[in-house]
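These notes concern the structure reproduced below.
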Amino acid sequence: MTSDIRVMFWFRTDLRLHDSPALQAALSLNPSALFPVWCWDPNYVYKHRVGINRFRFLLESMQTLSDRITEIEPNSQLLVVRGEPTYLLPLLWSRWRITHLVFEKDTSAYGRRRDAAILAAAKTASVIVVAVQGHHLYDPEEVTRRNKGKPTMTISSLQKIADGIGNVPKPLPAPQSLPLPKLTSNLSKRNELLLALAESLKGITNFAVSDDIDLNSSAFGGQRTEKVNCYDSIDGGNGEFSVPSIQSIGMETIENERGNNNDSFKIKGGEAEALTRLEKLCKKPDYIATFSKPNTSPGNSIQDASTTLLSPYLKFGCLGVRKMWWDIEEAKKKYKGTKTTTPPQNLNGQLLFRDMYACAEFAVGDNFTRIRVYDSEGVSITPRPLGDAVSEQRLAAFKEGRTGFPWIDALMRQLKQEGWMHHLGRHSVAAFLTRGQCWISWERGAEIFDEYLIDWDPCSNPGNWMWLSCSAFYSQYFKLYGLVSFPSKYDASGKLVRQYCPELANFPDKFIYEPHAAPLKIQKKAGCIIGVDYPAPILDEKKQKEENMVRMKACFAKQFYGTSEEVLNGTADEI
Ligand code: FAD
């Protein structure tokens with residue numbers, strides 16, 4: 001019997017078919033039709049300065065998903081639409097006679113605001129909404145409820161709650177079939193479908209066109225030259241509801257002009273890439289079972305990354321986090337040795353950190369960035385006044401990888417070129433910018449990460465920046481990362497520096513992390529004069545460190561927990 005249930009499945013944080021509890025929930029409704037939609041949300045693009053690597057990764061992941069859908073039903077694809085979802089989706093529900101809207105639950109502050117508005121619109125339109133958790137190991141909402149509404153400020157508090165909840169649910173297989181919209185004609189079936197869909201959208205085409213996003217606008221950092229319009233050629237030409245290419249949004253050209261070459265973009269998006277990467281890692285049970293984060297090297301390039309490099313896939317949901325958890329568990333069983341690692345250092349522990357920040361953000365919502373132990377105005381820990389010339393110069397040098405400290409510069413250039421950086425590299429640069437040397441607000445650094453990271457996450461990014469700046473989550477401010485001693489521990493020959501700061505490539509190992517200390521004779525021999533071919537250090541590392549340590553001590557001595565108390569209602573003692 002044909003069901004009259006017509007589902008819109010809204011892909012957002014879950015660009016995959018495997019391990020998708022939301023998709024399984026949609027299928028369990030036994031729908032007669034399932035419309036797989038991606039809505040290009042202008043809020044996402046306007047609010048963030050999304051760099052080319054994240055954009056590229058997203059588009060590749062969308063295309064891979066669309067191709068998978070086409071594999072299942074040759075005349076179907078991911079239906080990419082663009083517009084404010086709270087306005088556009090209700091129009092589509094009406095055109096497509098949608099009865100149910102199903103999506104993976106997005107517990108981020110913005111996600112919740114958007115979904116509350118969608119829920120209200122759905123109620124008016126008599127569309128039933130089904131939201132299913134699948135982006136984290138544990139549902140941040142449930143964790144927060146069990147934590148009496150308080151944020152999880154430590155990994156042990158999360159672990160305790162997780163123990164109470166029970167095992168991470170087992171991953172689900174990808175569906176073999178989907179009731180995708182069917183075609184009626186035997187002419188060009190693909191175009192038929194697209195035309196039929198275009199027809200159903202006619203009434204809103206004008207809306208879409210008039211709502212063109214001007215990619216030259218300052219909201220985009222003025223970086224792009226063309227307009228993007230996912231409704232281009234709605235009359236049956238190429239591109240209806242299709243994933244736009246990176247070229248069509250004008251980004252590649254600009255990056256090329258900046259001197260980047262395409263080969264440097266090596267983290268390829270998509271579900272298949274994610275699964276292959278995970279599978280390869282799990283074929284190394286020794287690596288999985290003995291993984292210990294502090295022992296992984298930040299000095300490797302992405303080709304031989306010492307950690308899993310799965311964060312971009314988890315961020316966009318190309319990889320199910322429960323799948324990762326359980327595949328790790330299975331791999332560990334094959335380990336023959338006895339020296340297994342445990343959370344928080346092991347791989348499971350890493351995934352728990354991801355949950356910890358998501359749960360903390362859920363509890364605090366839009367105030368997440370205010371859960372610091374210091375008030376930025378109160379004690380002069382952060383930030384220097386906006387526009388302060390010294391800070392702005394330091395910040396610009398930091399962003400461009402021109403601080404004169406090769407370890408920091410190599411990491412920041414790696415971030416800009418490839419969209420990723422090892423965790424301990426992130427530690428180094430975040431501590432350097434904030435309490436370590438530059439004494440700049442962590443928020444300014446987090447903004448740079450927002451622009452350049454592929455794996456940028458609204459909870460993990462600010463959360464980790466707060467941790468590293470000792471603003472919240474972590475308080476051992478006396479632990480710092482030497483700009484020479486720290487990288488030397490992992491890589492005395494400066495491989496990463498030689499790769500990302502090629503002007504320093506010929507320096508001997510002894511001076512690779514401090515070329516400014518090399519005698520002029522050595523600089524000349526290396527073909528790089530400091531202050532001419534590579535910048536001299538923007539500050540005195542030792543002097544700044546000492547000054548900042550005094551400031552940090554003063555902050556901690558005052559126990560200035562004002563904002564934290566106010567926002568968290570008395571949780572400062574947990575930090
Ligand atoms: P692995 O070590 O292989 O870990 C496996 C997975 O665990 C990661 O993919 C990630 O999903 C999760 N994970 C590991 N460490 C953390 C952590 N400390 N916090 C949250 N999740 C973690 N991670 C992001 O996913 N998005 C961000 O925006 C982000 N911003 C950061 C900013 C700063 C200043 C710092 C210090 C860290 C940040 N991290 C962020 C955490 C961490 O650096 C990355 O998750 C990790 O380096 C990704 O590489 P990987 O996949 O090889 O990690």
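As the structure lists them, so they are numbered: ligands from 1, and atoms in each ligand from 1. Residue numbers count from 1 along this sequence.
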- Task: Would you check if there is a donor-acceptor pair between the side chains of E418 and Y500 at a distance under 3.5 Å?
- Result: yes
- Query: Around atom CZ of R402, are there more than 12 heavy atoms of other residues, nucleotides or ligands at under 6.0 Å?
  - Reply: no
- Item | Flag, side chain of N461 to backbone of A446, donor-acceptor distance under 3.5 Å | yes
- Query: Can a salt bridge be assigned to the pair K416 and E451 using a cut-off of 4.0 Å between side-chain N and carboxylate O?
  - Reply: no
- Note on the structure: Close residues (non-hydrogen atom under 4.0 angstrom from ligand 1) work out to F291, K293, T307, T308, L309, L310, S311, L314, M324, L347, Q350, L351, F353, R354, Y357, W420, M421, H423, R426, H427, A430, F449, L453, D455, W456, D457, S460, N461, N464, W465, L468
- Query: Has K323 got more than 12 heavy atoms of other residues, nucleotides or ligands less than 6.0 Å from its NZ?
  - Reply: no
- Query: Does the pair D106/R114 count as a salt bridge with the N-to-O cut at 4.0 Å?
  - Reply: yes
